[in-house]
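Nothing fancy with the numbering, it's 1 onward along the sequence. Numbering of ligands and ligand atoms starts at 1, following listing order. All values reported here derive from a predicted model rather than from experimental measurement.
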Amino acid sequence: MAQVLQSISPLFPEQAYPDLMVGLTVSDDAAVYKITDDVAVIQTLDFFTPIVDDPYDFGAIAAANALSDVYAMGGQVTLAMNIFCVPSDLPQEIVGQILKGGAEKVREAGAVLVGGHTVEDDEPKFGLSVMGTIHPSKVQTKAAVDSGDILVLTKPIGTGLISTAAKRGKASQQAITASTDSMKKLNRKAAEIFARYPVKACTDVTGYSLLGHALEMAEKSDVCMHFNATQVPFLIEAEDYAAQGLFPGGAKRNLDAYRDEIEFAPDLDESWQRKLCCPETSGGLLAAVPKDCLDALLTEFSNSEEPCWVVGYAEAGAGIKVSH
Ligand SMILES: Nc1ncnc2c1ncn2[C@@H]1O[C@H](COP(=O)(O)OP(=O)(O)OP(=O)(O)O)[C@@H](O)[C@H]1O
Ligand SMILES: [Mg+2]
């Protein structure tokens with residue numbers, strides 16, 4: 001996609017839009033446009049096909065996922081609009097449940113749903129267009145990781161493994177519930193805590209996987225991001241499903257795409273490598289935290305009963321290194 005976008009980004013040269021802080025050329029989790037010296041708007045949209053059976057949960061997950069890109073930029077959400085593709089024979093009850101799941105998530109985020117657009121389609125698709133706000137000096141990007149920063153992650157990974165196991169009838173109800181709850185969880189509180197500290201670099205972990213999104217940050221920031229594999233948190237039973245080979249197709253695709261830029265320790269076998277490159281849905285925030293505020297930040301996460309794991313650090317160099 002990045003290559004295709006290069007063909008349209010010259011139509012909008014940066015110098016012609018001095019108030020555009022993040023757009024096509026920079027490319028990040030969301031676009032950011034400065035309105036005044038104190039306020040910038042954040043704009044993003046996301047939608048996808050059902051990834052769970054329950055229509056309410058699907059709506060809630062799609063909404064949490066769409067809202068997440070505003071949180072990844074460090075902002076708060078203000079307005080949301082539904083994007084809805086509906087098969088003509090989908091029962092009204094299911095249509096209503098998808099919309100309700102999304103709307104209740106928008107309200108939980110403190111935003112207001114103000115409209116949307118619906119088209120008929122063979123396969124249902126749902127998501128949101130979201131507007132948020134942020135102080136221009138507080139914008140967090142993928143390009144601002146500094147050597148010496150500590151890498152933290154706010155949700156366990158493994159949603160792709162559990163979804164694949166569920167599709168093949170191999171996942172426990174406990175694992176399916178844990179994964180659904182994780183995907184429905186807003187990144188709001190985590191983003192609010194990051195915003196109280198000098199955190200400049202953040203993204204959310206989604207389809208390109210933990211290491212894929214980290215690689216984007218490493219490349220844009222000109223640093224090497226070093227992960228300790230055993231510090232990476234996994235959802236319950238996700239690693240068991242990996243041991244059974246229940247990887248989604250995207251795990252190998254991601255790994256093949258990034259293999260040249262990732263140096264794995266020799267004892268991290270193909271299964272480990274795929275686990276860390278497995279696509280996630282509505283994952284947590286991956287942030288780079290300056291070392292001198294790490295303890296205070298972790299204490300605040302702990303006091304707020306919000307999870308946050310230290311998973312690595314940034315150092316001089318390039319690409320990704322993963323040790324055991
Ligand atoms: N069709 C498109 N036209 C213009 N820009 C696009 C298009 N598709 C993606 N982009 C831009 O490419 C960048 C990456 O998009 P993507 O949706 O993969 O974002 P992400 O934040 O990495 O993933 P996620 O939305 O799952 O968190 C974003 O800046 C997005 O606005
Ligand atoms: Mg994102």
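Of all protein heavy atoms, the one lying nearest to atom 27 (O) of ligand 1 is D69 OD1, 2.9 Å. In terms of protein heavy-atom proximity, atom 18 (O) of ligand 1 is closest to Y208 CE1, 3.9 Å. Atom 9 (C) of ligand 1 has its closest protein heavy atom at M1 CG, 4.1 Å. The protein non-hydrogen atom at the shortest distance from atom 15 (O) of ligand 1 is D28 O, 5.0 Å. Of all protein heavy atoms, the one closest to atom 20 (P) of ligand 1 is D29 OD1, 4.0 Å. Atom 3 (N) of ligand 1 has L5 CD2, 3.6 Å as its closest protein atom, hydrogens excluded (heavy atom only).
A donor atom on one side chain and an acceptor atom on the other are found under 3.5 Å apart for S68 and D204. Looking at S172 and E237, their side chains do bring a donor and an acceptor atom within 3.5 Å of each other. T159 and E280 share a side-chain donor-acceptor pair at under 3.5 Å. Side-chain polar atoms of D29 and T203 form a donor-acceptor pair below 3.5 angstrom. In this model, a donor atom of one side chain and an acceptor atom of the other lie less than 3.5 Å apart for E104 and Y56.
Remark: of the listed residues D149, D146, T141, D146 is the sole one forming a side-chain hydrogen bond (donor to acceptor under 3.5 Å, both in side chains) with K200.
Protein heavy atoms are absent from the space less than 4.0 angstrom from atom 31 (O) of ligand 1. For atom 5 (N) of ligand 1, the nearest protein heavy atom is under 4.0 Å away.
Looking only at N/O/S atoms, D204 comes nearest to the Mg ion (ligand 2) through OD1. Looking only at N/O/S atoms, D29 comes nearest to the Mg ion (ligand 2) through OD1. With respect to the Mg ion (ligand 2), D69 has OD1 as its nearest N, O or S atom.
Taking a cut-off of under 4.0 Å to the non-hydrogen atoms of L24, the atoms of ligand 1 that pass are 4 (C), 5 (N). Remark: ligand 1 atoms within the under-4.0 Å shell around heavy atoms of D204 are 27 (O).
Residue K142 touches ligand 1 through its side chain alone, judged by heavy-atom distances below 4.0 Å.
At least one heavy atom of S27 sits closer than 4.0 Å to an atom of ligand 1.
The heavy atom nearest to atom 23 (O) of ligand 1, out of those in D46, T203, T206, T281, is found in T206.
N303 CG: more than 12 foreign heavy atoms inside a 6.0 Å radius.
The aromatic rings of F12 and Y17 are tilted relative to each other, their planes meeting at an angle between 30° and 60°. The aromatic rings of F58 and F126 stand perpendicular to each other, their planes meeting at an angle above 60°, with 30° marking the opposite boundary.
Within the 2.8 Å limit, D28 places no N, O or S atom next to the Mg ion (ligand 2).
Because its NZ or CZ atom is both nearer than 6.0 Å to the ring centre of F234 and within 45° of the ring axis, K275 counts as a cation-pi partner of that residue.
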